[in-house]
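Quick note: residue numbers are just sequence positions, from 1. This one's a predicted model, so the numbers in the text were calculated from it and none came from an experiment.
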Amino acid sequence: MNCFDTISTWLNSNFVTSLIGAMAGAYFGARAAKGIAEKAKIKDDLLKSLKQINSALVTAHGACNRFLTYKAQLTSQLMKDYKASKKNWREYLESKGQVALQPVVANFVSLPGIAAPIEVLSNQIYGEIDLSPKGSMALITLCGVNSTLNGVIERRNILIEEFKKLGGFNTEKFFHTYFGTHDTKSSQDSKYSDLMHTIENEIDDGIFFSMLVSEELELSGKKALRELKENYGIKDINLIKFDMSAIRGLDLIPNDDLYKDWLKAFPKP
């Protein structure tokens, strides 16, 4: 018997056949176990992600509500009155006194700082939740609002105290400073006017971008929820939703047109 016959006989022996069968069973069993473990991990990751998304949605809604409340209670009417008086002052100047100047009452109310939970929100999202590029950029912008707004509010409060010390609130010199217009010497001090408009814009940014982050979180949550229901048959889990329909009718939410240039960077698919 040559060596090939010996090898053939050995390979066809019951011992080798059983050994190969056992090895194959162990291999495919290990692969199956690995597949089951990986599928279980994906399910656990999806459940964890959905829980984190729900927590972030609550925080994002809370942040949006802070900005909305601040605007409704403190700055909405303040800005309307300021713009109306500024418009009348400009008309008075342009007509060279032919248009009657309505009484101007400078509003020197100090504004409190705003404590929106943006830092909490960013910690909940970064490295934990997979947001779209649009959602990520909205969150970055929102973090910028949080760091800028309180500083601007404080600078306005300081300037108000300076106005109070100077007095002369019914003089043309004061009106030029208060409204940021050019005086007879063509000089312009627009610090107060710039601060007022920056506060208005930053609050609108806070509202818009916190709502946008919420919308993008909801999209991520819907994706995770769909995978859990379709691939794992999990039905008893939900995504938190907030009804903003009543707020949309209060003229507090800025129009999307104000952000059309920003939104152009993220065209709809």
Side-chain angles (χ1 to χ4, degrees), residues 63-64 66-116 118 141-211 250-264:
C64 184
R66 290 282 179 89
F67 288 116
L68 285 166
T69 302
Y70 197 95
K71 182 175 181 178
Q73 296 180 354
L74 298 171
T75 62
S76 181
Q77 192 59 50
L78 176 68
M79 286 307 303
K80 286 178 181 177
D81 292 345
Y82 180 76
K83 288 179 179 179
S85 294
K86 186 174 183 177
K87 180 175 180 291
N88 176 240
W89 170 244
R90 285 186 177 280
E91 290 172 348
Y92 171 79
L93 291 177
E94 290 168 2
S95 70
K96 297 181 179 180
Q98 296 303 307
V99 172
L101 179 62
Q102 301 299 320
V104 176
V105 179
N107 194 329
F108 288 157
V109 61
S110 294
L111 295 174
I114 183 169
I118 307 302
T141 307
L142 192 57
C143 290
V145 170
N146 205 43
S147 63
T148 300
L149 181 55
N150 283 323
V152 177
I153 291 171
E154 180 60 24
R155 287 200 294 276
R156 176 186 174 273
N157 290 342
I158 292 171
L159 195 54
I160 284 172
E161 295 306 313
E162 293 178 3
F163 282 157
K164 290 178 181 178
K165 291 176 182 178
L166 291 172
F169 304 139
N170 291 316
T171 65
E172 287 201 359
K173 180 180 179 181
F174 170 74
F175 291 151
H176 280 298
T177 304
Y178 187 65
F179 295 122
T181 52
H182 290 87
D183 60 20
T184 53
K185 298 179 181 179
S186 294
S187 61
Q188 182 184 26
D189 182 354
S190 63
K191 288 194 296 291
Y192 184 79
S193 178
D194 291 343
L195 289 171
M196 288 289 284
H197 290 290
T198 299
I199 290 170
E200 179 184 41
N201 293 337
E202 291 293 318
I203 291 172
D204 279 348
D205 286 352
I207 294 169
F208 179 82
F209 288 109
S210 58
M211 289 184 68
L250 297 179
D251 193 30
L252 293 173
I253 297 175
N255 195 299
D256 285 2
D257 288 345
L258 296 173
Y259 301 91
K260 60 183 180 181
D261 290 335
W262 189 94
L263 292 169
K264 282 179 183 178

Which atom pair, heavy atoms only, marks the closest approach of [X] to [Y]?
X: Tyr259; Y: Asn201; answer: OH-O, 4.5 Å
X: Ile203; Y: Phe67; answer: CG2-O, 3.8 Å
X: Ile207; Y: Cys64; answer: O-SG, 4.0 Å
X: Pro254; Y: Asp204; answer: CG-O, 3.5 Å
X: Leu149; Y: Ile114; answer: CD2-CG2, 3.4 Å
X: Val109; Y: Arg156; answer: O-NH1, 2.8 Å

For [Y], does its backbone N or O pair with a side-chain atom of [X] as donor and acceptor, under 3.5 Å?
X: Thr148; Y: Val145; answer: no
X: Ser193; Y: Ser190; answer: no
X: Thr171; Y: Phe174; answer: yes
X: Gln188; Y: Gly180; answer: yes
X: Ser76; Y: Ala72; answer: no
X: Lys71; Y: Leu252; answer: yes

Side chains of [X] and [Y] in contact at under 4.5 Å (non-hydrogen atoms):
X: Glu172; Y: Tyr92; value: yes
X: Arg155; Y: Leu159; value: no
X: Glu91; Y: Asn88; value: yes
X: Ile153; Y: Glu202; value: no
X: Thr181; Y: Phe175; value: no
X: Ile199; Y: Leu78; value: no
X: Phe208; Y: Asp256; value: yes
X: Lys86; Y: Met196; value: no

Spacing of Ser147 atom OG and Ile118 atom CD1 [to the nearest 0.5 Å]: 10.5 Å
Inter-residue atom distance Ile158.CD1 - Phe163.CZ, 0.5 Å rounding: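 Reported value, rounded in 0.5 Å steps: 12.5 Å.
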Neighbour count above 12 (heavy atom, 6.0 Å) for Lys87 NZ: no
Asp251 atom CG, neighbour heavy-atom count above 12 within 6.0 Å: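 No, not enclosed.
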Centroid-centroid under 6.0 Å between Trp89 and Tyr82 rings: no
Salt-bridge contact Lys164-Glu161 (side-chain N to carboxylate O under 4.0 Å): yes
Modelled atom types, side-chain donor and acceptor of Lys191 and Thr177, under 3.5 Å: no
Gln77/Asp81 under side chain to side chain donor-acceptor pair (under 3.5 Å): CA gap, chis, key distance, verdict: CA-CA 6 Å; Gln77 192 59 50; Asp81 292 345; 2.9 Å; yes
